[in-house]
Amino acid sequence: MVTAEKDIEEILGKYPNASRDALIPVLQAVQEARGFLSREAVLRIGRHLKLPASKIYGVATFYNQFRFQAPGRNHVQVCRGTACHVKGSAAVLESVKRVLKVNPGETTKDGEFSLEVVACIGACGLAPVICVNGEFHASVTPQKIQDILDSYRGKAR
Amino acid sequence: MSEGTPAVIEIEVNNRKIEARKGEMLLGALRRNGIHVPTLCHMENLFPTGACRLCVVEVNGQRNLVPSCAFPVYEGMTVQTHSPRVVRARKTIIELLLADHPDDCLYCVRNGNCELQKLAEQLGVRERRYTGAKSAYKLDISSPSITRDPAKCILCGRCVRVCEEVQTVSAIDFIGRGSKATVSTAFEEGLNVSSCVNCGQCVMVCPTGALREQSHVKEVLGVLNDPNKFVVVQHAPSISVSLAEEFGLKAGTDVVGKMTAALRRLGFQRVFDTSFSADLTILEEGSELVQRLTTGGKLPMLTSCSPGWIKFVETFYPDLVENLSTCKSPQQMMGAIIKSYYAQRQGIDPKSIYSVSIMPCTAKKFEAQRPEMGSDGMPDIDAVLTTRELARIIRMRGLDLAALEPQGPDTPFGERSTAGKLFGATGGVLEAAIRTAHWLVTGSEMENLKVQAVRGLEGRKEARVKIGELELGVAAVNGLGNARKLLDELRAGRSDLHFIEVMTCPGGCIAGGGQPFIGDAEAVRARMQALYKIDRDEEQRVSHRNESVQRLYKEFLGKPLGEKSHHLLHTHYAPREVVM
């Protein structure tokens, strides 16, 4: 297995003498490689760009795209776009949160599921929609969530 | 006016002509002309952010209200600062801030001196026009010095800016976005594991109760009523020239006698003066400097009185930790000798002594609980009160400070030189050290004890000082941003300095994180002048002539840097792993 540190060093190597303006591209590259921004990654990036950790964490939490927990084996996206909202996605999201016992951006303790809220996944005709590991589930209701998620338990992505 | 004064232009404000300086922001011109426009995010000498919008005004030709803090003046502009439209906008801002603010003013530590509360009153907010869900936040009590209550935070950003731009510590920043935004640490962890150095400058600029000191008032009131405790108090050099302001007296009034009387009335059994242990520090530190100079020790030697600064070096400049003097701070030296020498002399069990210090500082609370600051499992200091907390206790007990008959301190740790008193302002430790180093090296006193070059409020003061054959490079720095610049010069190889005094807070302890909220830059200057006046007017001006210090060495310590001193008065510092 490639060590975690090595891929970060590789990314940082592409930004020699970089300063704060390289922060977002670096964060994106690290998230792309690792799936999330670990604490160690944030601290390492800070040393490279000579930025305090509080600043990096502040920037990263400003944008929805960054997450700070490793993604689960199954990745659940709940659409909160306009069409889905009109069709009741707020209640769907509540149901997912209740079933998984996590908030958006978090991963369940057993590493099985991670939850993400997205603004629109371009399937408005199927609203409200959730997407698990890239598979779309159309016209979901809060009642259906338990069964849908259960069907993924134990499955690798 | 001297040359370089910017050109004066005329602008019209509220149908009246006033003068403004070309290129300045409107707010500055308004304030100089006595026109009060409220602000919540504005900070003197820092770049405007225009975040709070309270300083908005109407300017002719501008469709929208403009923030005066970030709007440059121009010839012929006309301004309305208190038109109905402007006042309505300001009031709405306050109402919106209050919509997600706890309604607990009566229980808040800032009740009576809160800027938000004051503005709500001034703008006539009398009903809740906006209601909605209140955000839930976690109180952060992890730091020994500072409590963070995000529920009371109005996101003005002053704490973030002072931490980043003045102190260059950046322990906190804006985290999250929109209605979920908070001021927090990296990874939203406790302040205690962050790079925070506990200086409390964030507390000083916080307009509300979102940042406050970790209070020791309750503990202290508790022991004052405990007959089994022998409660001793010491007060730092800057307290007696700052406390007056809390009681409506003129800034820079020295109330040392009245304060001593108040402390006795409160029930403290002995009242000692930290300036005594400042004198003691000078003998230890001066001797250490001479030793380093003569035996090829690490130079420049950095002072170690200011605990925020110590943590700053441990955190950001671990390679320079060995340059720090091994001396404990005056607070800790006093604590150590009270529970050893004094307890022995008085036949008191040191375990029954409860040692309180009054400090202008929040970092002193951190310092007091550092594991290396004690002996035999006993802390040198049991509780630290800030100037504000002392004022609170005095008011609580209904004491009229101005009316109290002045009293003298207790022996033997009440005796002090004015050199020890100078510790309260930037440059003071250095000045005191130069006086004693001169005596240590040459055996004689300096002709002129006043070292003008290291006085004043500038961020960095440097001098070359001749002591006998030696010529020393010395510097006094205040504010950690200024310290950082100097440390970077040292790292880059600068080698002409031998002794550097650093005080964490801009201006030194007189402007520390535990000082009265009411003090402005003028008040800080007055406090400094008060210390200089004491030094000018009194006879006893050098630490080594403090007879009680001499007796302490004769009866107990032996000699500076001796074995007892080493055990009680010195410590060591080590690099520190924190989130940074």
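Proteins get letters first, then strands, A, B, ... in listed order; numbering begins at 1 in each. Remember, predicted model here, so these are calculated numbers, not experimental data.
Interface residue A:Phe62: backbone and side-chain heavy atoms are both found under 4.5 Å from chain B. In this structure, the portions of B:Glu188 lying under 4.5 Å from any heavy atom of chain A include both its backbone and its side chain.
Atom CD of B:Glu489 sits in a crowded spot, with more than 12 heavy atoms from other residues, nucleotides or ligands closer than 6.0 Å. Within a 6.0 Å radius of NZ in A:Lys144, other residues, nucleotides and ligands contribute more than 12 heavy atoms. More than 12 heavy atoms of other residues, nucleotides or ligands shown are found within 6.0 angstrom of CD on A:Gln65. The number of heavy atoms from other shown groups lying within 6.0 Å of CG (B:Leu96) is above 12.
Of residues 172-187 of chain B, those residues with a non-hydrogen atom less than 4.5 Å from any non-hydrogen atom of chain A are, in numerical order, B:Ile172, B:Asp173, B:Phe174, B:Ile175, B:Gly176, B:Arg177, B:Thr185, B:Ala186, B:Phe187. Residues of residues 10-29 of chain A lying within less than 4.5 angstrom of chain B, judged on heavy atoms, are absent. Within residues 81-89 of chain A, no residue has any heavy atom under 4.5 Å from a heavy atom of chain B.
Counting only residues at least two apart or on different chains, the side chain to side chain donor-acceptor pair (under 3.5 Å) pairs with a member in residues 96-105 of chain A are A:Glu94-A:Lys97.
The minimum heavy-atom distance between B:Ala171 and A:Ser54, with the atom names listed, is O-CB, 3.8 Å.
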